[in-house]
Amino acid sequence: MNVKIERLRETIKKELAVLIYELKDSRIKGLVSIMEVDMSNDLKNVKVWVSIYGDEKSKEETLKGLASASRFLRGELTRRIGLKYAPQILFAIDNSLERGGKIFEILKKIDNIDNEEGEQD
């Protein structure tokens with residue numbers, strides 16, 4: 001990947017984390033972590049993968065709050081970083097931590113079954 005784009009992605013990730021923390025939207029209740037930022041080659045579209053701590057309802061509300069604030073975030077991001085174009089920001093939920101936890105539990109159960117079978121032999 002282009003070094004410039006990679007550096008810009010990291011800068012956007014850091015600035016968005018600060019901006020989201022500063023948002024005063026009542027729908028954004030849970031802990032929001034930016035997991036990944038994908039950027040188009042023309043730098044006009046940004047997809048932000050977020051992990052939201054909480055139940056499904058609070059995740060949906062938080063995602064709606066983020067989507068509602070995307071226009072504000074777009075302007076602030078452009079101003080703070082000094083971008084030529086204001087990129088469209090799309091938020092999406094990243095469930096990789098939850099899936100990783102489920103896989104870990106399955107592997108742990110398999111390991112326990114193997115240990116029980118080994119003790120019986």
Side-chain angles (χ1 to χ4, degrees):
M1 180 173 279
N2 187 342
V3 174
K4 180 181 174 185
I5 291 176
E6 183 64 33
R7 199 173 351 153
L8 185 57
R9 282 180 43 212
E10 287 301 316
T11 303
I12 287 173
K13 186 176 178 180
K14 288 177 186 172
E15 288 296 327
L16 273 178
V18 172
L19 286 169
I20 289 171
Y21 181 74
E22 293 173 353
L23 283 177
K24 294 179 179 157
D25 190 325
S26 63
R27 292 174 290 185
I28 302 173
K29 297 174 185 169
L31 177 66
V32 179
S33 299
I34 298 176
M35 304 303 288
E36 184 69 38
V37 173
D38 291 331
M39 180 169 250
S40 64
N41 288 335
D42 60 1
L43 310 179
K44 292 183 178 178
N45 296 302
V46 174
K47 189 168 190 176
V48 182
W49 295 93
V50 293
S51 175
I52 302 168
Y53 183 76
D55 60 3
E56 288 300 319
K57 185 179 178 186
S58 65
K59 285 181 182 180
E60 283 183 27
E61 286 295 315
T62 300
L63 193 60
K64 285 180 185 174
L66 290 173
S68 170
S70 67
R71 191 170 183 179
F72 166 76
L73 293 171
R74 181 181 181 194
E76 277 298 307
L77 195 64
T78 303
R79 187 180 63 76
R80 287 187 182 194
I81 298 176
L83 296 173
K84 187 173 181 180
Y85 299 104
Q88 290 284 341
I89 300 173
L90 175 68
F91 290 96
I93 292 180
D94 181 17
N95 292 324
S96 62
L97 291 176
E98 293 172 8
R99 283 183 288 175
K102 287 179 184 175
I103 290 171
F104 181 74
E105 286 186 25
I106 290 170
L107 291 173
K108 195 174 177 180
K109 286 180 184 176
I110 291 171
D111 189 44
N112 287 342
I113 291 171
D114 287 345
N115 288 340
E116 289 174 5
E117 289 177 359
E119 291 174 4
Q120 292 176 355
D121 290 336

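For this chain, numbers begin at 1 and follow the sequence in order.
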Are R74 and E15 within salt-bridge range, i.e. N to O under 4.0 Å?
no
Rounded to the nearest 0.5 Å, what separates atom CD1 in I28 from atom NZ in K64?
13.0 Å
Which pair of heavy atoms, one from L43 and one from P87, lies closest together, and at what distance?
O-CB, 3.7 Å
In this structure, are over 12 heavy atoms from other groups packed under 6.0 Å from N41 atom CG?
no
Kindly determine whether V50 and D94 satisfy side chain to side chain contact (heavy atoms under 4.5 Å, CB included), including the steps that lead there.
CA-CA 5 Å; V50 293; D94 181 17; over 6 Å; no
Can you hop from F72 to V32 via hydrophobic side chains spaced under 4.5 Å?
yes
Nearest heavy atoms of K13 and M35, plus distance in Å
NZ-O, 3.4 Å
Taking the basic N atoms (NZ, or NE/NH1/NH2) and the acidic carboxylate oxygens, is any pair closer than 4.0 Å for E76 and R79?
yes
Rounded distance [0.5 Å steps], CD1 in I20 versus CD in E22
11.0 Å
Which residue is it: T11, I12, I5? I am looking for the one with a side chain to side chain contact (heavy atoms under 4.5 Å, CB included) to R9.
I5
Taking everything shown except R80 itself, do over 12 heavy atoms lie less than 6.0 Å from its CZ?
yes
Whether the side chain of S58 engages the backbone of G54 through a donor-acceptor N/O pair (distance < 3.5 Å, no angle test) should be reported.
no
Kindly compute the distance separating OG1 (T78) from CG (L83), expressed to the nearest 0.5 Å.
5.0 Å
Are side-chain N/O atoms of S68 and R27 paired as donor and acceptor at under 3.5 Å?
yes
Side chain to side chain, I81 and L8, heavy atoms closer than 4.5 Å:
yes
Can you name the nearest heavy-atom pair linking M39 to V46, along with the distance?
CE-CG2, 3.6 Å
Distance-minimising heavy-atom pair for A17 and I34
N-CD1, 3.5 Å
Verdict with supporting geometry, I52 and L31, side chain to side chain contact (heavy atoms under 4.5 Å, CB included):
CA-CA 6 Å; I52 302 168; L31 177 66; over 6 Å; no
Kindly say whether S33 contributes a backbone atom to a donor-acceptor pair with the side chain of S51 at under 3.5 angstrom?
no
Can you tell me how far OH of Y53 sits from CG of L97, rounded to the nearest 0.5 angstrom?
12.0 Å
Rounded to the nearest 0.5 angstrom, the CG-CD1 distance for L77 and I89 is 5.0 Å
Shortest non-hydrogen contact from L66 to F91?
O-CE1, 3.5 Å
Residues E10, R7: salt bridge by 4.0 Å N-O rule:
no
Please round to the nearest 0.5 Å and tell me the distance separating atom CG of D42 and atom OH of Y85.
9.5 Å
Would the distance check show the side chain of N95 and the main-chain N or O of E98 forming a donor-acceptor pair, the cut-off being under 3.5 Å?
no
